[in-house]
Enquirer: 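Below: one structure in structure tokens.
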Amino acid sequence: MRPPSIDLIGSLMPETVPRGSALGGAESDAVVVQRSLADPAVFGEIFRRHAPALHRYVARRLGTADADDIVAEAFHIAFRERHRYDADRPDSRPWLWRIATNLVRRRHRSETRAYRALARTGTDPVMEASPNGPSSAWTRPPSPATWPRPWRACPGATGTRCCSSPGEG
């Protein structure tokens, strides 16, 4: 099951979320991450603060569809590894951006390997998937036998209408 779209979540939040001590008494990311060790639901605050900006960052590199997956995976990794977070760093954005950047790099490497493997085969799987062979649907016009009966009877028919109205010709 896919997580809800980050864009939808982001549209419900302010564009910028104040950070750490600039909140005027609000907890820094480090405190929130440390509290989440005892109460995992608290980690949602980190997501609320940083998911929209992280999604925009990844979307500029991969597109919106892939960004949804990368951001979800980045927060999953961050949640799973939150016990390793350096509590001396009040802002978790560099940590989250590093995780997301590594995932983007991994995605690029994976795609590059896949494209190189396809290039070595000498075939295009999209074109090979056509039931009539490679590119047959785009290079050959339909056979006159498949044309509608009025078009076949029309002298000089080309597969498009030769008559201006169905009753003519």
Enquirer: When rounded to the nearest 0.5 angstrom, what distance separates CZ in Phe79 from CZ in Phe47?
Expert: 13.0 Å
Enquirer: Specify the closest pair of heavy atoms between Val71 and His55, including all atoms of both residues, with the distance to one decimal.
Expert: CG2-CA, 3.6 Å
Enquirer: How close do Ala100 and Val58 get, heavy atom to heavy atom, and via which atoms?
Expert: CB-CG2, 4.0 Å
Enquirer: Within the supplied structure, the quantity of interest is the number of heavy atoms (other residues, nucleotides, ligands) at a distance under 6.0 Å from His76 NE2; does it exceed 12?
Expert: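 No.
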Enquirer: With sequence neighbours left out, write down each residue that passes salt bridge (charged side-chain N to carboxylate O under 4.0 Å, His left out) with Asp88, or none if nothing qualifies.
Expert: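 Applying salt bridge (charged side-chain N to carboxylate O under 4.0 Å, His left out) to Asp88 gives none.
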Enquirer: Evaluate the side-chain proximity of Arg56 to Pro52: yes if any heavy-atom separation is below 4.5 Å, no if none is.
Expert: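 Yes; the side chains approach each other to less than 4.5 Å.
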Enquirer: Return yes if some donor-acceptor pair links the side-chain N/O of Asp29 with the main-chain N/O of Ser92 below 3.5 Å, else return no.
Expert: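 Confirmed, Asp29 side chain pairs with Ser92 backbone.
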Enquirer: Considering non-hydrogen atoms only, spot the tightest contact between Ala87 and Ala30 and give its length.
Expert: O-CB, 3.4 Å
Enquirer: Keeping to residues at least two apart or across chains, list the side chain to side chain donor-acceptor pair (under 3.5 Å) pairs with something in residues 111-121.
Expert: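 Found Thr121-Thr123.
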Enquirer: Would the number of heavy atoms belonging to other residues, nucleotides or ligands and lying under 6.0 Å from CZ of Arg84 be above 12?
Expert: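 No.
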Enquirer: How far does CD1 of Ile70 sit from CD1 of Ile99, to the nearest 0.5 angstrom?
Expert: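 Rounded to the nearest 0.5 Å, the CD1-CD1 separation comes out at 12.0 Å.
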Enquirer: Run the numbers on His50 and Asp91 for side-chain contact (heavy atoms from CB on, under 4.5 Å), then give the verdict.
Expert: CA-CA 10 Å; His50 303 298; Asp91 191 2; 3.9 Å; yes
Enquirer: How long is the gap from CD1 on Ile77 to CG on Leu103, to the nearest 0.5 Å?
Expert: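 It comes to 4.5 Å.
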Enquirer: Below 4.5 Å, heavy atoms only, C-beta onward: do His83 and Glu81 meet side chain to side chain?
Expert: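 Yes, their side chains come closer than 4.5 Å.
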Enquirer: Thinking salt bridges, do Arg35 and Glu27 make one under a 4.0 Å N-O criterion?
Expert: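 Here Arg35 pairs with Glu27 in a salt bridge, since their nearest N and O are under 4.0 Å apart.
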Enquirer: Of all heavy-atom pairs between Arg82 and Trp95, which one has the smallest distance, and what is that distance?
Expert: CA-CH2, 4.0 Å
Enquirer: Strictly distance-based, threshold 3.5 Å: is any side-chain N or O of Tyr57 a donor or acceptor partner for the main-chain N or O of Arg61?
Expert: no
Enquirer: Measure the CD1-OG distance between Ile46 and Ser36 for me, rounded to the nearest 0.5 Å.
Expert: 7.5 Å
Enquirer: For the pair Thr101 (side chain) and Trp97 (backbone), establish whether a donor and an acceptor sit closer than 3.5 Å, ignoring hydrogens and angles.
Expert: yes
Enquirer: Quick check: closest heavy atoms across Leu54 and Ala74, and the distance to 0.1 Å?
Expert: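 Residues Leu54 and Ala74, closest heavy atoms: CD2-CB, 4.3 Å.
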